[in-house]
Amino acid sequence: MPDTSSYRGRFAPSPTGPLHFGSLVAALGSWLLARHANGQWLVRMEDLDPPREVAGAAAQQLAALDAFGLRSDGAVEWQSRRSDVYQIALDRLLAEGKAFACHCSRSQLAASNGVHHRCAGKAQRTNPAIRLRVPPGTTVSFEDSLQGGIAQDVGREVGDFVLKRADGLWAYQLAVVVDDAAQGMTDIVRGADLLDSTPRQILLQQALGLPTPRYLHLPLILDAGGQKLSKSSEAPAVDAGDPLPALHAAWLALGQASSAVEVSFDAASFLASAKQAFTPDRLPSVTSLSLAALHNAADANAV
Ligand code: GLU
């Protein structure tokens, strides 16, 4: 684990619904790792996609984090205010020939399962999407601090990927890379659903001459049906009015010892004990955990 006090980590929710248990696991996990390294922990609101946004969700998420005692060490960053910075990065990639305007239609893309290798568009679209050029044979490997070695043939599996959408919205991949670098993030801790986005982000960092941070992907929490809990699929919100049970459950999901936080009476005292007792080596190196298995483990713990 990094022992540098220059550690900077973050939690970066999209405001597509209230925080659910899976988001709390990512928020608490990233907070604990930052505190363990005597580092900074920042919150960034990834409000880039108005059609998917739920009115009031951003404020609700920030209020919930506050109730859980998870407070940003600096001002909360809002991606919706950073269009100019994304445009500068995009212009640079275009000028260097690393990105291009794509005139393919939806049906042309569907024919290659959404993987773009070569523009098939005949008609020039007025608002083309902008993609990063990913030549065949482009493979990216990295060492995830929890999941181990990961490799992806980005050329084959992903192809040229979108940086700015045809509808004018910024793609998550571009914004996250620009912001992680602009905010000096050294450590990205998030859910394992983003493991397969990481090679794309590393390629973009290289294309923009930015440093690659360390990555640690926490297990994704699955519901009883084996589906990922997600804000937009209406997973139940964590109860910010009664933060201790959810904090305790998130602590167990992070593989930590129940006894270490037993005497907590509010979120602040829970976090103080958790910070002391947190043992990174106990983090489960799996990409998913089912809620049902966690409940059983909690029951067994209580006996
Ligand atoms: N905004 C993304 C989400 O809510 C997370 C981005 C990240 O941590 O890189 O899924």
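Remember, it's a predicted structure, so these values are computed and weren't measured experimentally. Just follow the structure's listing: the first ligand is 1, and inside any ligand the first atom is 1.
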Return the minimal non-hydrogen interatomic distance between Ala27 and Leu70, and the atom names on each side. CB-CD1, 4.0 Å
Ser285 to Leu146 - nearest heavy-atom pair and separation: CB-O, 3.2 Å
Run the numbers for me: atoms of ligand 1, each under 4.0 Å from some heavy atom of Arg190, listed by number. 7 (C), 8 (O), 9 (O)
Where on Asp193 is there a heavy atom closer than 4.0 Å to ligand 1, on the side chain, on the backbone, on both, or on neither? neither
As an exercise, identify every atom of ligand 1 less than 4.0 angstrom from a heavy atom of Ser14. 1 (N), 2 (C), 3 (C), 4 (O)
Could you check whether any side-chain N or O of Asp180 sits under 3.5 Å from a backbone N or O of Met185, counting only pairs where one atom can act as donor and the other as acceptor? no
Pro13, portion touching ligand 1 at heavy-atom distance under 4.0 Å: backbone
Verdict with supporting geometry, Gln183 and Arg44, side-chain hydrogen bond (donor to acceptor under 3.5 Å, both in side chains): CA-CA 10 Å; Gln183 293 186 283; Arg44 183 172 69 226; 2.8 Å; yes
Winner among Leu194, Leu48, Thr198, Asp179 once heavy atoms are compared against atom 10 (O) of ligand 1: Leu194
Does ligand 1 have a heavy atom under 4.0 Å from the side chain of Phe11, from its backbone, from both, or from neither? neither
Consider ligand 1: state whether an atom of it lies below 4.0 angstrom from any non-hydrogen atom of Gln201. no
Taking only non-hydrogen atoms of Tyr172 and a 4.0 Å limit, the atoms of ligand 1 in range are 6 (C), 7 (C), 9 (O)
Residue set satisfying ring-ring contact (aromatic ring centres under 6.0 Å, His included) with His116, at least two apart, ordered chain then number -> Phe100
Taking NZ, NE, NH1 and NH2 as the nitrogens, is one of them in Arg133 or Asp160 under 4.0 Å from a carboxylate oxygen of the other? no
Counting from 1, what ligand 1 atoms have a heavy atom of Arg10 closer than 4.0 Å? 7 (C), 8 (O), 9 (O)
Are any of the N/O atoms in Ala12 less than 3.5 Å from those in ligand 1? yes
Keeping Arg156 on the side-chain end and Gln152 on the backbone end, is there a donor-acceptor pair under 3.5 Å? no
Under the ring-ring contact (aromatic ring centres under 6.0 Å, His included) definition, can you give me all pairs with a residue in residues 176-212, not counting sequence neighbours? none
Give the numbers and elements of all ligand 1 atoms closer than 4.0 Å to a heavy atom of Val176. 9 (O)
